[in-house]
Amino acid sequence: MKRTHTCGALRQSDAGKEAVLFGWVASRRNLGGCVFLDLRDRSGITQIIVDPQESAGCMAAASELRPEWVIGVAGTVRSRGANANPRLPTGAVELLARDIQVFSRSEVPPFLIEDGVDAREELRLTHRFLDLRRPEQNARLQLRHRLVQRVRRLLDREGFLEIETPVLIKSTPGGARNFLVPSRLQAGSFYALAESPQIFKQLLMIAGFDRYAQIVRCFRDEDLRGDRQPEFTQVDLEMSFVAPADVFAVVEQILQEMFEEALGVRPERPFRIMPYAEAMERYGSDKPDTRFGLELRDVTETVRAHGGGGVEMLQKALADGGRVKALAVPPELPLSRAELDGLEEKVKEMGGRGLTRAKVAADGSWTQTPLAKRISPELRLALNGALEAKADTALLFQFGPARQVNTILGGLRLLLGQKFSLVKPGTHHLLWVVDFPLFERSEETGAIVASHHPFTAPHPDDLDHLESDPLSVRARAYDLVLDGVEVGGGSIRIHDSETQARIFKVLGISDEEAREKFSFLLQALRLGAPPHGGLALGLDRLVMLLAGASSIREVIAFPKTQKGQDLMSGAPAPVSPAQLEELHIAPVGQKNQ
RNA sequence: GGGGCCGUAGUUAAGCUGGUUAUAACGCCGGCCUGUCACGUCGGAGGGCGCGGGUUCGAAUCCCGUCGGCCCCGCCA
């Protein structure tokens, strides 16, 4: 028996042909006199009919069949006429069985292999090969394949060379925690699994490859989330002799290709560009979801003009150089007192002190607020005006340091957007966020650290105050944001050793330390480095968004759980003392309580 | 490191203010049925409630601990 068609192939025009289909029994409907089977493979489902008049030889075999048995069926394609099933692409025809061959029987599977089942994820992950057999799961990986092919073809057309970079590399400071791999040949030394090919792709530019791209696995030993796995895939690229606009042009075309393949629409180029400062001011996020409004409103000057309106906490916030901002939640989005209390809890979770709020009454007075009796009527009315408050508008205030105010209100904005379903289903917004700060102050240590990575080029206009006011220096860095999710990021890199040395100095990295950690890169920068820059796209996140999947795990064939385990294979797992010995590793033993 | 939700037949869930034989649907097994496609129909089997302690005359139900899954904060240059 040899397969002639796949289970998604047959159409009305094939009626009358002989055909042989191989696949899995998706369902069996035994009507006593005849048996209907749904035969499934990755391409679709075809109905098989076993009719004793025509299929005498295989009637007995057909009634033995059970779901997930793997069989081959030979027979004649026949039109279903009035019995056609419009919900199946193959629904106009059926295969009239003449011969059935059983290749493999199946035990009763632990969950039903069909779309829409909600077996708990834990179970699906332990039997991932069955979960992937479900058409919708299978289709997601097929989509991922097609997206990757489109990207590869485009990159090839645009002159990018696909060059592989090492996975086993030297551990570098800063950034994500590395997975370590002990060296057998060098006792006591370790490789790190690459968290990205960053330095290598820069070296490829210095080597003169001009345009490099790679679809590459990256590893980060950090805590997991719905959109974060310990190993994940980037579309990584780097270009020589470019400005950000050149990188944008390529990446925007990649996104156009992906959108076209997944959704059948090409987003318009060029994409919107938003400075980091604007994103933070208006949306309270460096990855704003611009699919809905409810923007943050700055009322600092209004409050200042009224001297704080007699409210001590506002006066103090202003005196400390803080800001006053608000969300004005219109009456169409009604918030009960209990819901407002719930939001206040969220504010505290986000590190805020509390949520000062007010409900605006028809006459402009405020209720449900601790401010009611303290705030001057003049300031209250001015705020009503500035915030365009109508009757029953809820005002949610934050005041204090700009960063905290923005972040908290941005968090509330997202919560409200979700709560009130403010995003119209099916809408997608792509934008570039640019002009990130080059440095930020570490909250843990108070030290100045690189926001992106230490090879990011400073904005040329800010070079004169690199040392005197480093925190105000902008980076030539950019993120690509899709629907409020960071799906890519990159920068123009430093290509001269003088600037690189200045950056290391600001970061407090000594010459000695820099030489030790990055000597090869520093040397390369002194031996003819072209101006260059690039970006990496998070392939898993992009596929997730384009597939409408709820987590990154749905678009990865064999993902890990939040604790980094592969429930199917059981990784990670202990190894034998002999293996450790060979690697010169000695367990430190369990910590005693 | 922290906060939240969850764990009951093969599966998904109900039961959880403690009290006879733990309930339903789907699946599974068997009978009947020639146009089903969530086939129908009749009948049947199947769990002691993640695990370990405790309280109680009595624990899916209350308490403590623990394991696992998910969401979130921190973390992720």
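Chain letters run A, B, ... following the sequence lines, proteins first and then strands; every chain starts at 1.
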Would you say the base of B:G35 and the side-chain of A:Glu94 have a donor-acceptor pair closer than 3.5 Å?
-> yes
A:Glu68 and A:Arg40 ion-paired at < 4.0 Å | yes
Check the distance between B:C75's P and A:Glu486's CD and give it to me in whole angstrom.
-> 15 Å
For A:Leu31 and B:C33, give me the distance from atom CG to atom P, rounded to whole Å.
-> 11 Å
Taking the same atom, C1', in B:G65 and in B:C72, what whole-Å distance lies between them?
-> 24 Å
Check the distance between B:C76's C1' and A:His453's NE2 and give it to me in whole angstrom.
-> 15 Å
A:Arg80 (side chain) and B:U36 (base): donor-acceptor pair under 3.5 Å = yes
Hey, can you tell me if A:His127 and A:Phe129 have their rings parallel, tilted or perpendicular (30° and 60° cut-offs)?
-> perpendicular
Which comes earlier along RNA chain B counting from the 5' end, the contact point of A:Arg228 or that of A:Ser551, where each point is its nearest nucleotide?
-> A:Ser551
Sidechain N-carboxylate O distance under 4.0 Å for A:Glu122, A:Arg120 = no
For the pair made of CG in A:Leu96 and C1' in B:G35, what is the distance, rounded to whole Å?
-> 13 Å
Rounded to whole angstrom, note down the P distance from B:C5 over to B:U21.
-> 33 Å
Interatomic distance where CD belongs to A:Glu122 and C1' belongs to B:G10 [whole Å] | 15 Å
Pair A:Glu486 + A:Lys287: basic N to acidic O under 4.0 Å = no
Within the modelled atom types, does a donor on one side and an acceptor on the other bring the side chain of A:Arg66 and the base of B:C29 under 3.5 Å apart?
-> no
What distance, rounded to whole Å, do you find between the two C1' atoms, one in B:U34 and one in B:U41?
-> 16 Å
Is any side-chain N or O of A:Arg29 under 3.5 Å from a base N or O of B:C33, one able to act as donor and the other as acceptor?
-> no
Using 30° and 60° as the class limits, which term best fits the ring planes of A:Phe219 and A:Phe179: parallel, tilted or perpendicular?
-> perpendicular
Record whether the side chain of A:Arg120 comes under 3.5 Å of the base of B:G50 through a donor-acceptor pair of N or O atoms.
-> no
Would you please confirm or rule out a distance under 4.0 Å between OP1 or OP2 of B:G74 and any side-chain N or O of A:Arg225?
-> no
Less than 5.5 Å between centroids and less than 30° between ring planes, does A:Phe36 satisfy that with B:U36?
-> yes
Does the side chain of A:Gln562 get closer than 4.0 angstrom to OP1 or OP2 of B:G68 through an N or O atom?
-> no
Can you tell me, in whole Å, how much space there is between the C1' of B:C64 and that of B:U55?
-> 11 Å
Using the C1' atom in both, what is the distance from B:C28 to B:G35, to the nearest Å?
-> 26 Å
Donor-acceptor pair present, A:Asp223 side chain and B:G74 base, under 3.5 Å = yes
Length of the CD-C1' vector between A:Glu121 and B:U12, whole Å | 15 Å
For atom CZ of A:Arg177 and atom P of B:G1, their distance in whole Å = 10 Å
Integer-rounded Å distance: B:C28 P and A:Arg28 CZ = 7 Å
Using the P atom as the reference point in each nucleotide, state the distance between B:C32 and B:A22 in Å, no decimals.
-> 34 Å
Measure from the ring center of A:Phe504 to the ring center of A:Phe518 and say whether it is less than 6.0 Å.
-> yes
Please evaluate the base of B:C37 for a donor-acceptor partner in the side chain of A:Asn85 within a cut-off of under 3.5 Å?
-> yes
